[in-house]
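First comes the structure, then the notes that go with it.
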Amino acid sequence: MRLQKKPEPDDGMSDYYLACLTPADADRLKPLEELVRLAFWGEENYRRFLEELPEYFGCKAVRITGRNRDELIGFLLARALYESLELLKLGVFPQWQRRGVGTQLIETAFSEGLRRGCSRCFLEVRKSNENAIQFYYGHGFRIAGTRIHYYTDPVEDAWVMEKELA
Ligand SMILES: CC(C)(COP(=O)(O)OP(=O)(O)OC[C@H]1O[C@@H](n2cnc3c(N)ncnc32)[C@H](O)[C@@H]1OP(=O)(O)O)[C@@H](O)C(=O)NCCC(=O)NCCS
């Protein structure tokens with residue numbers, strides 16, 4: 001996976017980098033997912049996706065702290081199946097949003113999807129999640145359909161959004 005850091009003037013994020021999501025990251029996804037209201041799928045499942053199932057991959061944005069473990073600021077999980085790249089999870093800690101981190105994560109996923117032979121990308125998003133929908137519009141997605149009662153807690157329909165990759 002090709003990873004790059006966006007060059008930015010010093011805005012307090014100068015010490016962060018992008019890297020592959022690994023099974024060792026599974027334990028730190030829960031706090032982020034709870035905070036940004038993504039459905040946590042369980043540490044064991046994340047480990048299995050990243051360890052045993054080669055169609056899954058992920059990337060993370062990490063801030064260098066100088067302590068034992070760098071701080072996770074965002075992550076993305078995706079699955080590449082034949083021509084389709086499915087974006088399964090994308091989240092950035094609120095204090096790091098609107099600084100281009102989500103864009104770098106999604107662009108990394110597009111590159112990896114293309115490298116794996118995918119020609120289209122799709123995802124589901126809660127119909128009420130205006131912020132994410134704006135973000136995805138900005139990255140060339142369009143609404144392709146609806147999945148009725150796709151989400152639980154609370155129950156809600158999803159938009160299916162898609163874009164051509166190639
Ligand atoms: C969606 C999300 C990943 C975007 O991450 P991010 O790092 O803030 O995104 P970026 O800074 O790269 O934003 C790029 C552009 O997307 C659009 N955008 C992003 N967040 C937006 C918001 N809250 N409202 C309106 N537009 C937004 C803007 O056009 C933005 O460009 P700008 O900041 O120059 O105006 C982040 O808001 C998030 O984690 N949300 C909670 C979890 C979630 O909903 N995930 C998606 C589930 S399907």
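Atoms within each ligand, like the ligands themselves, are counted from 1 in listed order.
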Q) Which atoms of ligand 1 are found less than 4.0 Å from any heavy atom of Glu124? A) 48 (S)
Q: Show which atoms of ligand 1 fall inside a sub-4.0 Å distance from at least one heavy-atom site of Gln134.
A: 25 (C), 26 (N)
Charged N to carboxylate O under 4.0 angstrom, [X] versus [Y]?
X: Arg48; Y: Glu52; result: yes
X: Glu164; Y: Arg120; result: no
X: Arg79; Y: Glu55; result: no

Q) Hey, mind stepping through Tyr46 and Asp27 against side-chain hydrogen bond (donor to acceptor under 3.5 Å, both in side chains) and telling me if it holds? A) CA-CA 9 Å; Tyr46 287 113; Asp27 67 334; over 6 Å; no
Of the side chain and backbone of [X], name the one, both, or neither that has a heavy atom under 4.0 Å from an atom of ligand 1.
X: Leu87; value: neither
X: Tyr136; value: side chain
X: Arg99; value: backbone
X: Arg126; value: neither

Ligand 1 N/O within reach of [X] N/O, cut-off under 3.5 Å:
X: Arg98; value: yes
X: Val92; value: yes
X: Thr103; value: yes
X: Asn129; value: yes
X: Val125; value: no
X: Gly102; value: yes
X: Leu90; value: yes
X: His139; value: no

Give me the residue, atom name and distance of the protein heavy atom closest to [atom].
atom: atom 11 (O) of ligand 1; value: Gly100 N, 2.8 Å
atom: atom 47 (C) of ligand 1; value: Leu38 CD2, 3.7 Å
atom: atom 41 (C) of ligand 1; value: Val36 CB, 3.6 Å
atom: atom 4 (C) of ligand 1; value: Phe135 CD1, 3.6 Å
atom: atom 23 (N) of ligand 1; value: Asn131 CG, 3.0 Å

Q. Taking it one step at a time, do Tyr151 and Glu156 satisfy side-chain hydrogen bond (donor to acceptor under 3.5 Å, both in side chains)?
A. CA-CA 5 Å; Tyr151 292 103; Glu156 190 177 349; over 6 Å; no
Specify whether the nearest protein heavy atom to [atom] is under 4.0 angstrom away.
atom: atom 27 (C) of ligand 1; value: yes
atom: atom 35 (O) of ligand 1; value: yes
atom: atom 39 (O) of ligand 1; value: yes

Q) Can you check salt bridge (Lys or Arg N to Asp or Glu O under 4.0 Å) on Asp70 and Arg63, steps first, answer last? A) CA-CA 6 Å; Asp70 291 339; Arg63 194 172 72 89; over 6 Å; no
Q: Please test Trp41 against Leu77 for side chain to side chain contact (heavy atoms under 4.5 Å, CB included), starting from the C-alpha separation and ending with a verdict.
A: CA-CA 11 Å; Trp41 288 348; Leu77 181 72; 4.0 Å; yes
Q) With a 4.5 Å heavy-atom cut-off, do Leu87 and Ile106 have their side chains touching? A) yes
Q.
With heavy-atom distances below 4.5 Å as the criterion, would you say the side chains of Glu86 and Leu81 are in contact?
A. no
Q: Is it possible for you to check whether Lys163 lies under 6.0 Å from the centre of the six-membered ring of Tyr136, through NZ or CZ, and within 45° of that ring's axis?
A: no
Q. Closer than 4.0 angstrom: is that true for some heavy atom of Leu123 and an atom of ligand 1?
A. no
Q: Examine ligand 1 and decide if any of its atoms is less than 4.0 Å from a heavy atom belonging to Gly91.
A: yes
Q.
The criterion is side chain to side chain contact (heavy atoms under 4.5 Å, CB included); which residues satisfy it with Lys30, sequence neighbours excluded?
A. Glu34, Phe40
**Q.** Test side chain to side chain contact (heavy atoms under 4.5 Å, CB included) applied to Thr146 - qualifying residues, sequence neighbours left out
**A.** Lys127, Ile148, Asp157, Trp159
Q: Grab the two heavy atoms, one from Ala39 and one from Glu33, that are nearest each other, plus how far apart they are.
A: O-OE2, 3.5 Å
(Q) Has Ser111 got a side-chain atom pairing as donor or acceptor with Glu107's backbone, closer than 3.5 angstrom? (A) yes
